[in-house]
Amino acid sequence: MPSPSRSATASSPPPPARPTLLIVDDEEGPRQSLRIVFKEDYNLLLANDGQRALELARENRIHVAVLDIRMAGISGIDLLERLKAIDPHIEVIMLTAYETIDTIRQALRLGACDYRNKPFDLASMRAAVANAMERRSLSDEIRINNRTLGELQLELQSIRLQEEITRSRGEIYASIIHALNGPLTIISG
């Protein structure tokens, strides 16, 4: 009789998928610096312009995006708005060498979660991306929990409806039996 194979035993679950970070900058230097900094931590998608970033966003689930504000073609602010239209849950960090109060306000109004200056400090950039990833993770968890809660509420409503139907049937049957027993008692008596 052959011995049971080891491959038949339960295997451990696959490791969770790494979150995806989109880096968009028309300058090669900052884009490659961020690639080097984050290549071990996240799945990386790199784009040198807004149009390519939009294509990547349509083809991939992006958790966090780091966007340069001043780019040829689509600006970082316009790209932020378009990315949020594709997936409102993408967390976005704006990156610029030309900071103005108006652009900061506009970026935050459009849903950016952070704003960093070039040249960026590696520690603060790591912290900003980690915070954005955590926000995205919590947002995803809340959505999943809300969906589960909705499903449980529907299931509970269905159970209550079934209990009500069963109770009503019991009352109808009891009423019929009572009505039938009345004349039978008189006949047998």
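- The only option from Asp78, Asp26, Asp49 that meets the side-chain contact (heavy atoms from CB on, under 4.5 Å) definition with Met71 turns out to be Asp26.
- Separating the CZ atom in Arg109 from the CD1 atom in Ile77 is a distance of 8.5 Å, to the nearest 0.5 Å.
- The residues Asp114 and Arg116 are annotated as salt-bridged, a charged nitrogen and a carboxylate oxygen being separated by less than 4.0 angstrom.
- Within the hydrophobic cluster formed by Ile, Leu, Val, Met, Phe, Trp and Tyr side chains joined at under 4.5 Å, directly or through other members, Ile144 stands alone, with no partner residue.
- Using a 3.5 Å distance cut-off with no hydrogens or angles, the side chains of Gln157 and Arg160 do not pair a donor with an acceptor.
- In terms of heavy-atom proximity, Val24 sits nearest to Ala53 at CG2-CB, 3.5 Å.
- Residues Thr20 and Leu45 approach most closely at CG2-CD1, 3.6 Å, considering heavy atoms.
- Applying the side chain to side chain donor-acceptor pair (under 3.5 Å) criterion to Glu27, with sequence neighbours excluded, gives Lys118.
- With sequence neighbours left out, the salt bridge (charged side-chain N to carboxylate O under 4.0 Å, His left out) criterion links Glu164 to Arg167.
- Scanning both residues, Ala112 and Met94, for their nearest heavy atoms gives CB-CG, 3.8 Å.
- Counting side-chain heavy-atom gaps under 4.5 Å among Ile, Leu, Val, Met, Phe, Trp and Tyr, the cluster of Phe120 also holds Leu21, Ile23, Leu34, Val37, Phe38, Tyr42, Leu44, Leu46, Val64, Val66, Ile93, Leu95, Leu122, Met125, Val129, Met133.
- Side-chain contact between Arg82 and Ile74 is present, with heavy atoms from C-beta onward closer than 4.5 Å.
- Across all their heavy atoms, Leu80 and Gly111 have their closest contact at CD1-C, 4.5 Å.
- Scored by the salt bridge (charged side-chain N to carboxylate O under 4.0 Å, His left out) test, Lys84 finds no partners at all (sequence neighbours excluded).
- For Ile86, the side chain to side chain contact (heavy atoms under 4.5 Å, CB included) criterion is met by Leu54, Ala57, Arg58, not counting sequence neighbours.
- Listed for the Asp25 side chain is no donor-acceptor partner under 3.5 Å among the backbone atoms of Arg31.
- Apart from Leu154 itself, the hydrophobic cluster it occupies contains nothing, where clustering links Ile, Leu, Val, Met, Phe, Trp and Tyr at side-chain heavy-atom distances under 4.5 Å.
- Side-chain N or O atoms of Asn60 include one that pairs as donor or acceptor with a backbone N or O of Leu56 at under 3.5 Å.
- The side chain to side chain donor-acceptor pair (under 3.5 Å) test applied to Asn48 returns no partner, not counting sequence neighbours.
- Cluster partners of Leu138, using a side-chain heavy-atom cutoff of under 4.5 Å among ILVMFWY residues and allowing indirect links: none.
- Annotation: side chain to side chain donor-acceptor pair (under 3.5 Å) contacts of Arg136 (sequence neighbours excluded): Asp87, Asp140.
- Partners of Ser137 according to the side chain to side chain donor-acceptor pair (under 3.5 Å) rule, which considers only residues two or more places apart in sequence or in another chain, do not exist here.
- The salt bridge (charged side-chain N to carboxylate O under 4.0 Å, His left out) test applied to Arg135 returns Glu91, not counting sequence neighbours.
- When the shell of 6.0 Å around CD of Glu155 is examined, it contains 12 or fewer heavy atoms from other residues, nucleotides or ligands.
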